[in-house]
Amino acid sequence: MTAVAGRRAVGFAWLRFGLLLLFVLVFLIPIYVLLATSFKPLTEADAGQAWNLPQTWTTEAWQVAWEKLAPGMWNSVLLAVPGSLLSCALGSMNGYVLSKWRFPGADVLFTLFLFGMFIPYQGVMIPLVQLLVNVDELAGLQGVFYGGIPGLVLAHVVYGIPICTLIFRNYYVTIPDELIEASRVDGAGMLRAYWSVVLPVSGPAIAVVIIWQFTSLWNDFLFAVFLTGPQSWPTTVMLNNIAGAQATPYSQQMAAAILASIPTMVIYVLLGRFFMRGLMAGALKG
């Protein structure tokens, strides 16, 4: 009986391994098409030959894609890096206050924060444009907030406050209240307790927010089209504009798509091991 159970366990293990391998292969199929097409000359890059390896290997598509994407890549860096850091800072402070420094109406305020997660981009587009135009006029700035990167950063930071607050608040609920009380006994105030006790153990939540916001900002298209001008277009808009008038340059589009996805993949590789730990923190309480 034990031998039979052992064979069944081995059989199930091989079955799981086979299914996982199948899922990996299915997942890698689009990546294969991207890579194979990106190294083809324009004469070979068409939908009918998408599965074929290049007969003539060339990096011309990569060179052209980089030349077209380079300005947008830099604009995306100027957008995603400060936007992610600002969202992380604001979400961390909000989550700390809502979880550890209770005050009358805290739950109502937290609920109002969460409402912001369900407002679609399209619903705020017109008032957001009007707001940024008015800010430019009041500040005497032309094309800085509306038409420039700062306005796009501001829009994403404000829009990201609800989800960032939720992640940090749920994570901070898991931190024992005794730590905060002990810091109060030692004379630490609200900000000192946050800086010396809470922030040093916030690594997993910070990783989740950075990954979430960096990906959202880097992949944004709708806000970027409406709120920025040609000089401030990020990678997604530049990627959309890589299209021919008579024929579609598939090899250039595939190479550009891979280039545009590299920064987010790097962020996931660097911070991914903290992602699930921080995302699931507070799932059972708070």
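Note on I167 and L112: separate hydrophobic clusters, where clusters join Ile, Leu, Val, Met, Phe, Trp and Tyr whose side-chain heavy atoms are under 4.5 Å apart, directly or indirectly. When hydrophobic clusters are built by joining Ile, Leu, Val, Met, Phe, Trp and Tyr residues whose side-chain heavy atoms come closer than 4.5 Å, directly or via intermediates, V269 is not grouped with I210. Residues L35 and L42 are members of separate hydrophobic clusters, defined by side-chain heavy-atom contacts under 4.5 angstrom among Ile, Leu, Val, Met, Phe, Trp and Tyr. Follow the hydrophobic side-chain contacts under 4.5 Å out from V129 and you never reach L138; the two are in separate clusters.
With contacts defined as side-chain heavy-atom distances shorter than 4.5 Å, the pair F110/V97 does not qualify. Proximity of L98 to Y172: side-chain heavy atoms (C-beta onward) are nowhere separated by under 4.5 Å. Using a 4.5 Å heavy-atom cutoff, the side chains of I242 and L69 are in contact. Looking at heavy atoms from C-beta onward, L166 lies in side-chain contact with N170 at the 4.5 angstrom threshold. W66 places a side-chain heavy atom less than 4.5 Å from the side chain of M73.
To the nearest 0.5 Å, the span separating CD on E44 from OG on S251 amounts to 9.5 Å. Of the inter-residue distances, the one linking L90 atom CG with I161 atom CD1 reads 5.0 Å to the nearest 0.5 angstrom. Here the CG atom belonging to L19 is positioned 13.0 Å from the CH2 atom belonging to W14, to the nearest 0.5 angstrom. The distance from the CZ atom of F223 to the CG atom of L154 is 10.5 Å, given to the nearest 0.5 Å.
Residues Q49 and K40 have side chains that never bring a donor and an acceptor to within less than 3.5 angstrom of each other. Y171 and S99 share no side-chain donor-acceptor pair at under 3.5 Å.
Every residue two or more places apart in sequence or in another chain that forms a side chain to side chain donor-acceptor pair (under 3.5 Å) with S76 is listed here: T235. Residues passing the side chain to side chain donor-acceptor pair (under 3.5 Å) test with W74, sequence neighbours excluded: none. For S87, the side chain to side chain donor-acceptor pair (under 3.5 Å) test picks out Q213, with sequence neighbours left out. For F214, the ring-ring contact (aromatic ring centres under 6.0 Å, His included) partners at least two apart in sequence or on another chain are W218. Under the ring-ring contact (aromatic ring centres under 6.0 Å, His included) criterion, F145 pairs with no residue at all, not counting sequence neighbours. The side chain to side chain donor-acceptor pair (under 3.5 Å) search around T165 returns N94, not counting sequence neighbours.
Judged purely by atom type and a 3.5 angstrom limit, K100 has no side-chain atom pairing as donor or acceptor with the backbone of A193. Judged by distance alone, the side chain of S92 and the main-chain N or O of A89 form no donor-acceptor pair under 3.5 Å. The backbone N or O of Q130 sits less than 3.5 Å from a side-chain atom of N134, completing a donor-acceptor pair. The main-chain N or O of Q231 is found under 3.5 Å from a side-chain atom of N75 such that the two form a donor-acceptor pair.
In R192, the CZ atom is not crowded: 12 or fewer heavy atoms of neighbouring residues, nucleotides or ligands sit closer than 6.0 Å. Heavy atoms of other residues, nucleotides or ligands lying less than 6.0 angstrom from CG of L20 number more than 12.
Between F39 and W57, the ring-plane angle classifies as tilted under the 30° and 60° cut-offs.
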Note to self: Applying side-chain contact (heavy atoms from CB on, under 4.5 Å) to Y96 and M93, what does each step give before you reach the verdict?
What the structure shows: CA-CA 5 Å; Y96 169 63; M93 290 185 286; 5.6 Å; no
